[in-house]
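Structure first, then comments.
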Amino acid sequence: MQVIDHIGIAVIDLEASIEYYRKNFGFEVELREELPSQEVTLAFLKLDNTRLELLAPLEPGSTLSKFLARRGPGLHHICYEVKDIVEALKDFSEKGFKLIDETPRHGANSTLIAFIHPSSTEGVLTELCQYQDRSS
Ligand code: CO
């Protein structure tokens, strides 16, 4: 687990945030996706060595809405790419980490993802992802 796949940033207005990063940093959108099951709409911005994931809530009562109400916009999570997410979750579980997802779920960009609770990870909400269409 040596690669940061992306850094998640919670935003209120996805369009405004995309424009902000395009105008001020020159980051371009690589992918946009709505994940109704997670009540988020998102955009991945391509950087040379990683990506930013801008996340905005789809529903007022969603988990992300509550996060924004509590903390305001800003850093939300870090995602590390793993080769085998089931194995990685088993490993973290055995080490006593508090998992938000006991089993992987479908994320954006044909990935399997799972979150580890920030109480286990020194305050950083941590996402693991595995690409299903490549073996890296
Ligand atoms: Co993410």
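All values below come from the heavy atoms of this structure, side chains included, with hydrogens, waters and symmetry mates left out. In each ligand, atom 1 is the first atom listed, and ligand 1 is the first ligand listed.
- Among the atoms of Asp5, no N, O or S atom falls under 2.8 Å of the Co ion (ligand 1).
- Of all N/O/S atoms in His6, NE2 sits nearest the Co ion (ligand 1).
- Residues Leu68 and Ile12 meet the side-chain proximity criterion, which asks for heavy atoms closer than 4.5 Å.
- Contact check for Pro104 versus Leu89: side-chain heavy atoms found under the 4.5 Å cut-off.
- The name of the N, O or S atom in Glu53 nearest to the Co ion (ligand 1) is OE1.
- Checking Cys129 against the Co ion (ligand 1), every N/O/S atom stays at or beyond the 2.8 Å cut-off.
- In this structure, a donor-acceptor pair under 3.5 Å is absent between the side chains of Glu53 and His76.
- Glu28 CD to Leu47 CG: the interatomic distance, rounded to the nearest 0.5 Å, is 11.0 Å.
- Here the N, O or S atom of Glu127 that is nearest to the Co ion (ligand 1) is OE1.
- With values rounded to the nearest 0.5 angstrom, Leu35 atom CG is found 5.0 Å from Leu42 atom CG.
- For a distance bound of 2.8 Å, the N, O or S atoms of His76 include none lying that close to the Co ion (ligand 1).
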